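All values reported here derive from a predicted model rather than from experimental measurement.
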Protein chains: 2
Amino acid sequence: MSVFLVDSLAQSDPDSLNASANSLAEWELATIELFVHAAQLIGIPKSMGQIYGLLFCSEEPLPMDAIIERLAISKGSASQGLKTLRQIGAVQTVYQHGDRRDHYKAELGLRRLFSGFIANQMGPHLDNGVRRLEHIAELTGQLENEARDVAEERLKILRNWHNKTSKLLPLVQKIL
Amino acid sequence: MSVFLVDSLAQSDPDSLNASANSLAEWELATIELFVHAAQLIGIPKSMGQIYGLLFCSEEPLPMDAIIERLAISKGSASQGLKTLRQIGAVQTVYQHGDRRDHYKAELGLRRLFSGFIANQMGPHLDNGVRRLEHIAELTGQLENEARDVAEERLKILRNWHNKTSKLLPLVQKIL
DNA sequence: GCTCTTGTTCATTTTTTCTTGAACTAATCG
DNA sequence: CGATTAGTTCAAGAAAAAATGAACAAGAGC
């Protein structure tokens, strides 16, 4: 009798386990891993991939406690990770009636995910690149003779690359 | 004036600044830095960015000694970096008459650079992603009732994302 | 054959990045 | 109010990634 009760509370078949507050189904684990790998591919910390993955799987928005508990990560990581995910628009906060805690849900639209990522992670670097190009052009202008010819040819290549790549982003966004 | 410019470009270590200033023109320094930043943006080590940048600037192919000396990097880094750059098709070896050393030159075609990078760095990860998706699908198939409904909806989203992104690469290659 | 040059490999060290946990602020509830 | 809970920040530790340099292989020139 008591054995049965303990069993049903602590651990039983995978389905009811899934319903309990602090464990992950296999498909969730696999999906979270998918996002962890994707995150690392684009240079985003593992913990952020985990958090996004968990929220992606969850039908209802989750409070931070649940994230911390289910992923077994620290409060600091969770807070930091959620902050950044919010900044790039990959998660949103949802206000749940009768609960003072913030609840978080994943953005599921690929286009939004992509443009948020670009705007916040790549964008600054690309702008920076433009400034650098201009600087190189200045330095090139100060050269003389053959040295200048070489430098100007390279500069032309860089400008060409910049043209092509800047046409790229709008197009990608159209497709996603 | 020019001191200020060089200062702002080189990482404030006086020794490497001097060593670099002796053999590299300002526009080369600036261009190399551009590539270092671009490399870090796509998750490639700094030294590889430096090496590619140097070769990009140089009209003639350079032997490894020259690269080591001008960039003030170790033999190990140079060898490793060149090996990887060769693998992804970003540099090629050139045989110079009467010189036993390999000489290296940068690939200047954007399309080739891009597809080499994809094929070697991203490609494997993407394939991996497909396998992961299939695995998630299996696990989802084993579920029952509402749990299954949720999981299948998420799986549909993932498949949709995969469709869109796989249409992307060919298109990008056409534009570059 | 021997030596000297060229280039690779890999264990160690250095640098960078990520995570943790505890101190702190804020603000809700009783 | 004071106690409790939610959430942030940041210094310190842990983990991961990259650079170094010395030992090693391969082979050209003498």
Q.
Consider salt bridge (Lys or Arg N to Asp or Glu O under 4.0 Å). Of A/Glu144, A/Glu146, A/Glu152, which one does A/Arg148 pass it with?
A. A/Glu152

Q. Measuring from A/Leu85:CG to A/Ile44:CD1, what's the distance to the nearest 0.5 Å?
A. 7.5 Å

Q.
Return the CD1 to OG distance between A/Ile51 and A/Ser79, rounded to the nearest 0.5 Å.
A. 9.0 Å

Q) Between A/Pro45 and A/Lys75, which has a closest nucleotide on DNA chain C that is more 5'? A) A/Pro45

Q: Using the closest heavy atom to pick a nucleotide of DNA chain C for each, name whichever of A/Gly43 or B/Ala78 lands nearer the 5' end.
A: B/Ala78

Ignoring backbone atoms, test whether [X] places a side-chain nitrogen or oxygen under 4.0 Å from the OP1 or OP2 oxygen of [N].
X	N	result
B/Lys83	C/dT9	yes
B/Arg101	C/dT6	yes
A/Ser77	C/dT20	yes
A/Ser47	C/dT19	yes

Q.
Here's a test of your reading of the structure: between A/Gln40 and A/Met64, which maps to the more 5' nucleotide of DNA chain D?
A. A/Met64

Q. What is the distance, rounded to the nearest whole Å, between atom CD of A/Glu69 and atom P of D/dG7?
A. 15 Å

**Q.** base_contact_polar (C/dT6 base, B/Arg100 side chain, donor-acceptor, <3.5 Å)
**A.** no

